[in-house]
Structures are given as C-alpha cells and as structure tokens.
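Remarks on the structure that follows.
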Number of protein chains: 4
Amino acid sequence: MQAPPEAKPRWERRKDARPQELLAAALGQFVERGFAATRLEDVARRAGVSKGTLYLYFENKEELFKAVVREHIVHAIGAAEQTVAEFEGHSGELLRAILMRWWDQIGATELAGITKLMMAEANNFPDLAQFYNVEVIERGNRLISSVLVRGIARGDFRPHDTDVMTSVLTAPVLMLMMWTHSFLPCDMSAVDPQAYMEAFIGMALNGLLPPDAPAA
Amino acid sequence: MQAPPEAKPRWERRKDARPQELLAAALGQFVERGFAATRLEDVARRAGVSKGTLYLYFENKEELFKAVVREHIVHAIGAAEQTVAEFEGHSGELLRAILMRWWDQIGATELAGITKLMMAEANNFPDLAQFYNVEVIERGNRLISSVLVRGIARGDFRPHDTDVMTSVLTAPVLMLMMWTHSFLPCDMSAVDPQAYMEAFIGMALNGLLPPDAPAA
Amino acid sequence: MQAPPEAKPRWERRKDARPQELLAAALGQFVERGFAATRLEDVARRAGVSKGTLYLYFENKEELFKAVVREHIVHAIGAAEQTVAEFEGHSGELLRAILMRWWDQIGATELAGITKLMMAEANNFPDLAQFYNVEVIERGNRLISSVLVRGIARGDFRPHDTDVMTSVLTAPVLMLMMWTHSFLPCDMSAVDPQAYMEAFIGMALNGLLPPDAPAA
Amino acid sequence: MQAPPEAKPRWERRKDARPQELLAAALGQFVERGFAATRLEDVARRAGVSKGTLYLYFENKEELFKAVVREHIVHAIGAAEQTVAEFEGHSGELLRAILMRWWDQIGATELAGITKLMMAEANNFPDLAQFYNVEVIERGNRLISSVLVRGIARGDFRPHDTDVMTSVLTAPVLMLMMWTHSFLPCDMSAVDPQAYMEAFIGMALNGLLPPDAPAA
DNA sequence: AATGAATGAGGTTTCATTCAT
DNA sequence: AATGAATGAAACCTCATTCAT
C-alpha cells in the first residue's frame, strides 16, 4: 500500500543475468590489472554490486577467475570441438577455420589479456596454473592435434609428428596475442594482425599438404 | 668450551660486495615472482641480510628494481653500443653479433624474466614502465636501428625503413624470450633456441643484403 | 551448554554512530600523545574496532586528524559565526560572548590539546599546518575581527586597528589554553581560569569603549 | 714515510671540543623538529660525524637530550644562582637582572625551542619530564623564589606568598617564549618582546615594593 | 538475494641502537 | 676515538574474506 508496486527496489532481481555481469566485470578488471593486482572491490563496483555479492556467486578470487576462463575460453574450445566433430570437408579448411576463430574470438579481443596474464602470473598461483593447463592448454592442444590426426588419416595432410606440429601452429598465435596486448611499444603497428594470421596459415597449410597435392 | 671461538657474529660486514649480492638476490626474486609479488623480506633473506639492510643501498622497491635493470640490462646495452661504435667490418656480421649477444647474455639467462615481468606488470607501475621504456626499449631500438643505418650507408644492406625493420628484428627475439621463460608447457622443447636464433638471423641477413650481393 | 546464546559477536555493526566514535577516540589519542606519536592502532583499540575499520571512514592519519578538527573546532567556529551574524545588541556584549564561548567549548575542554599539538608539531607536518591555518586560525581571526569592525561601525567601540587588536585579544586565551594543558607544573592552580578570563575580558572591553562611554 | 706528516687524517682529534659540537648540532635539530622527530642520523650529519660517534659520548637519545639541557639551560641557571648568591644590592634590581637574563640568554635564542618542545612532548617521555622538572623547573622556580625571599627579608619587597608570586612572574616569560617560537602566525609582530619584557618587569617590581616605598 | 561494515594478516618503510673494523 | 654497515621492532596502510542485517 505504501510503496507503489513499480517503485524501484533497492536491488533488482537479475536472476540468471547476474553471474554474467559479474564475470564480464571480472574479465575486464583481470585483463587491465592482472590477477593479483585486481581488487574484488573494483570488480564489484564495475558490476554495480557490492563486494559481498561476489561471494554469493563465487567462492573466492581464484574461483571467480576460473569461472571467467570457463565462461569465455573453455566455452570457446568446446564450441570448436563441436565444429571439428561435425565438420565434413578437407582438413586444411577445417584447420584454417579453427585457427582463424581462435584469433577472432580470443586473440583479437580482450580475452587475449587472460593469456598474457597466465604467462605472467602462473608461477605465483600454482592452483590457477594447474587449472589453466588442464582446461585450456592441454585441451586446446588436443583439439589442434585431433585436426592434424584427422588430416593425416584422411590423406589431407602428409604424415608428421602431430604433437610437434601443434606447438608449431600454436606458437605464432600465442605470440601475436602477447604482442598486441603488451604495453611494449615495439612498433607492431607496422604489422596487421589479420594479414599476419593469413600469411601464417597459408604457409602452414601449404607445408602440411601431401607431397603430390596441388599447392593450395 | 662455552662459546666456540669461531662463533658466527651477528652479522658480517661485506662492504663493496654487498650491493652486488643484494642485486643478485633481487633479480632472482623478481624473476621468480614478478615485481608486485616480490616481498623485500624475501629478497633480504635470499641475500642473507635483514630487511633494513636493503634500505641502506636502495631507496625503495622501485629503485631496487631499477638498479637491477641498470646493473644487468642497461649495462649490457652500453657494452653493445661500444661494440657497434668500434666495429669495422661488414654490417651483417655486426648485426649477427649484436643479436646473438642479446640472446646469449639476456635471452638465455634469467634476465629474460625481467622482460617478461615488464610486459606483464608495466600497466600497474607507470613509473617503472616509463623508466624501462627510456632506458631499455628506446635505447635498445636505437642501437639496432643504428646498425641498420650504418649498413645502408656502407652499402652492406639494401635501403629500407630502418624503424620498421628494427621491429621486425626484435620481435622474434622477444618472443623467444617470452616463450622459453613462460610456464606454459607448449612443448617448445621441440625447438632449440640456438637453432631458432641461427635460422632467424640467417634469414634476416639474407633479406637485408643488397640485390646484387651474393647470397650470404 | 557449549556456547552461551549471548556470546558476543565478532563485531558489531554501528553504522552511523561509528564515525563519531572514531573521532572521539582519535581526539583523545591525539590530545594525549600528539599527532606523530599517536598510533592508529591505539585509536582503533580505544574505539573498540580494528585497525582496518579506521580506513573505512578516513583515508589516512592526516585526514583523520583533519576530520577531528573539522568536527570539533571548525564546527564551533561556524556556530560562532552564526551567532555573530544574528546578534543584535551591543558589540561589547557580543565580544564577551564569543570569547567566553571559545574558552568554555574549547579552552576548558580536551580540545585545547589540539591547539597545543598544532603549536608543537606544525613544523613537521606542513600539510596539516596549511589546513589548520586556513580552516582555524584565519577563519577564527576573521571572526573576531568582524566583531571589532561591527563595534566600530556601530559606535560601540572606539576606532582602532582591528587586526592588531585581534592578536591582542586572542593571545591571552591561547596562552591560557597552553598553560592549563601543559604538563608543566608551574603552579597555575593559583589562578582560576574562569577568573582570569573574566578579568581579561573586562579589561579588554573597557579599553575598547569609545572615550565618552561610561566605564563598563 | 709514505704519507707526509701533514696529510689530513681520516678524522681529526678534537678531544674536548667534540662533545660541544655534538651538543650544538643536537640542540639545533631538537629545536627544529622536536624530540621524537629528531633523527640521530641528522644530528650526526649536522655535526659532521657518524651516527656511531654519538654513542661514544651519549648513551642514547634521551641522554643526549639531557646533556643539551644541562649544557645550555641548567648551566645558565647555575650561573644565575651564582649571581644571586653574590649580589649585594636591592632585590628589585636583582630580580630585574635575573628575568632579563633569562629572556636574553634563553627566551630570545633558539633555546626557547627546548621549552616549547618540553611542553609539547613531555607526556610521551616521562623520564624526560621527570628530569626536566627536577633540573629546570623546580630549580628555576627555587631561584626566583629565593630572590623574593631575600627581598622580603631585606625589606626590599613587601611580604607575600613567594611561591604564587613565582608563578606569576614566570608565566609571562614562558608565554612570550612559546609565542615567539610558535609557527602560529598570530601577528605577534605587533609586540616587541623586549618592550614586553620591560613593561612586564616594571609592573611587577612596582607591585612588589613595600607600601611605603617610592615608586620605582 | 543482497548489502557493506568489520576484520586482521601481510606488505613497505623508518630509525634507534649495536658492533666489527 | 671513529666509523658506518647491519639489525629488527614498530608504524602506516591494503585488501581478501566474513557476517550481521
């Protein structure tokens, strides 16, 4: 009776939207400051909630970080796995799609900051490192690897050591991510990431084709 | 009987050796933990002194870090500048020497951890970033650049945009440093850094020669 | 049986009362120990809270001190200004009221310790000195001065240099404050501050009257 | 043989001069900063010696301070006692001499800073307070008192409570010292200390004369 | 579900004092 | 007699986490 029904409540039920907002805020803060230097208070303020609210959704800072990684990176890997499982064409085409999506969805976004952050701080947070290795690195490598195996099996690629080749293929992408997200003003403006990715993938695919295949 | 004559004194005076020991301890700690996460107490313990002793030699944490950088990295750049100034042979040979020394004296040592650290934490410590940019990055780039200019002037290299080329030349080395000093177990064991450097430099030099020169 | 139901909680929420309690504790500690020698931990303990709590309400030690001064002294000056603005009677009466209130509300209370503290430590804390000069000394002097100007304008006082007279009027009060709050056991017990104030004001007012006025 | 005899030695034997230099440096520093805020390192630097040297002459900071007080203030009291003991004229003349000397030798010099310092910090250093009370305040009061007693005994002064009168006589001098050495910019420039002292002493002596004496 | 006041361990820095040289 | 390197006990301040409301 006192308050009209449409009176703005002190806080708003967001229900399922809430966690997403918290994760978005956390991502931004982690990328800007790194893991250790990120203050939960800033994450909360950025999400427009109170510090305590974070703890309703995430056990602690590490779990919040893991959730960010799961939400954005692990999820993307899952989608890529799906693509691989369903794909029916030439493995070279598939590999190109996977690598380009990696760049577009992660490398070219603020998510690349997570990669940088992990390289920098993993030493100080062994639990996080363990988690990231299992959930991201190993799983990601497995994904690339599986495409290579598929390619060899189908005769799309010439036979090779797929584990080594996985490293060879991931390294440039990781490096480009570090590069574009580092403060270091090493005039990378000279290089267009998109062009770099195109060149790199073209070269790689060419090198993977069987000896008798026509150049891609 | 009570006190053995060689009872160790409460502390030992080290005089001139001290600063070096402190810097060595600090370097180790910074590389292992990063700047923010390094506790001065750990640096002190590692050097076998008390916390207060650090402050006899360095004004504060930032100055300690700067001293580490000056002692090891800036100093090395200075030596390289000397080499460039005195060198009399072909610029390709000089460039090779400079790049290999960079790798051998910094990239392949724990000093590469400083580079990694700066990429990771510069955002959080603007003063440090400023210092590092002026003392290391700009000065280092100027050094490489000067070799290229020299090469063009002498006809050792074909004409090119030396600033862009400086980026092109530094990028792979920086990346290799990041790579080999990152926790990320991206099976880089497959690649021998030395071989990588050789290959990279060989390629670069070839590309820099004037059109009519015999392949290196 | 194990835990009595009325077990006291780890901490108690005080909400709006808190700042006042903290300021009271801080005032007590500052007056007892001085600014530099006051440890925030003691202030906290005195207020029955933890060290960290202080920082929820005050940015740092200096801000805490300023808040104490504002809360008690600046506030009192404001009230006095109000009185002056609204007063309608003889300026001598007004001056007497202002000076007596100064003594009663500040000089005779522990707040006099703040005055003593500022005299002692201003040299070591330039920011504090600056603040105190602007917020207390200049403003207080302006207040007295305005009463004198009003008195001259209304013909209540004979013409005189109001700035000099302001000094003449404030000096004895400040001195009495120092005196009664100093440890120095210079048998001031012989003098009753109240009587001293009365005598001083009586004399001052007499001296300020216009030549032809009947002695007060 | 190696070093010519007149080679400047690493340090110079000053023998008895040393302590005086240290005390002078300490006095300056104590007056500028206060007791707690004075760093022994600054005292040492000011005296041109090392920190350790201070401890050869003074057990610790408190003893150093006591020595300063003894050297300058207690010593002056002793000289004044001597004067009183030997004086043969009218007690009014003697009292005037004693008070003026107090002002000239202490009040008008940086030594007045010691008085200010004691008022401000005695609470925090009970041992110092105790020392100062016994050696300076009580002894100083006894000195004044003795002059009053002598005056009454000789019929130079009318009978009165000499302890109370001692307070009455010392208060204005102490206040003037505080005043002139405080940062508080309470335009005391309007008052010339010398004139103030003259006026005060004149008034006091007049009040002390026996009823039938001719005005001084 | 949400808040935000409260906590307290942990980090950097200062400085009186000690002691090997 | 003199030095000055070394110590270590505080002091200020931060922030992840808890919990009464």
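This structure is a prediction, so every number in the text was calculated from the model and none was measured. Note on naming: letters A, B, ... go to the chains in the order of the sequence lines (proteins, then strands), and numbering restarts at 1 for each one.
A salt bridge does not link A:Lys66 to A:Glu59: none of the charged nitrogens lies less than 4.0 Å from a carboxylate oxygen. Salt-bridge check for D:Glu32 with D:Arg46: passed, with a basic side-chain N closer than 4.0 Å to an acidic carboxylate O.
Of the side-chain N and O atoms in D:Tyr57, one or more sit less than 4.0 angstrom from OP1 or OP2 of F:dA2. The phosphate of E:dC19 has neither OP1 nor OP2 within less than 4.0 Å of any side-chain N or O from D:Tyr55.
Both A:Gly52 and D:Leu54 lie close to DNA chain F; mapped to their nearest nucleotides by heavy-atom distance, the more 5′-ward contact belongs to D:Leu54.
Out of F:dT3, F:dT7, F:dA16, the shortest distance to the side chain of A:Lys61 is found at F:dA16. Checked against F:dA2, E:dT3, F:dC13, the side chain of D:Thr53 finds its nearest nucleotide in F:dA2.
With respect to C:Arg45, the side-chain contact (heavy atoms from CB on, under 4.5 Å) criterion is satisfied by exactly one of C:Val49, C:Val43, C:Asp42: C:Asp42.
Going from atom CZ of A:Phe125 over to atom P of F:dA16 covers 10 Å, rounded to whole Å. Atom CZ in A:Arg33 sits roughly 15 Å away from atom P in F:dT14 (whole-Å rounding). Atoms CG (B:Asn124) and C1' (F:dT14) sit 15 Å apart, rounded to a whole Å.
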(message) Both atom distances under 3.5 Å, Watson-Crick or G-U wobble: I'd like the secondary structure of DNA chain E as a dot-bracket string, with | for pairs made across strands.
(response) .||||||||||||||||||||
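Contacts with DNA chain E (heavy atom under 4.0 Å) in residues 36-51 of chain B: B:Thr38, B:Arg39, B:Leu40, B:Lys51, listed by number.
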(message) I'd like to know whether D:Leu64 forms a side-chain contact (heavy atoms from CB on, under 4.5 Å) with D:Leu23, so could you lay out the CA-CA distance, the side-chain angles of the two residues, the decisive distance to 0.1 Å, and finally the verdict.
(response) CA-CA 8 Å; D:Leu64 173 60; D:Leu23 289 174; 4.1 Å; yes
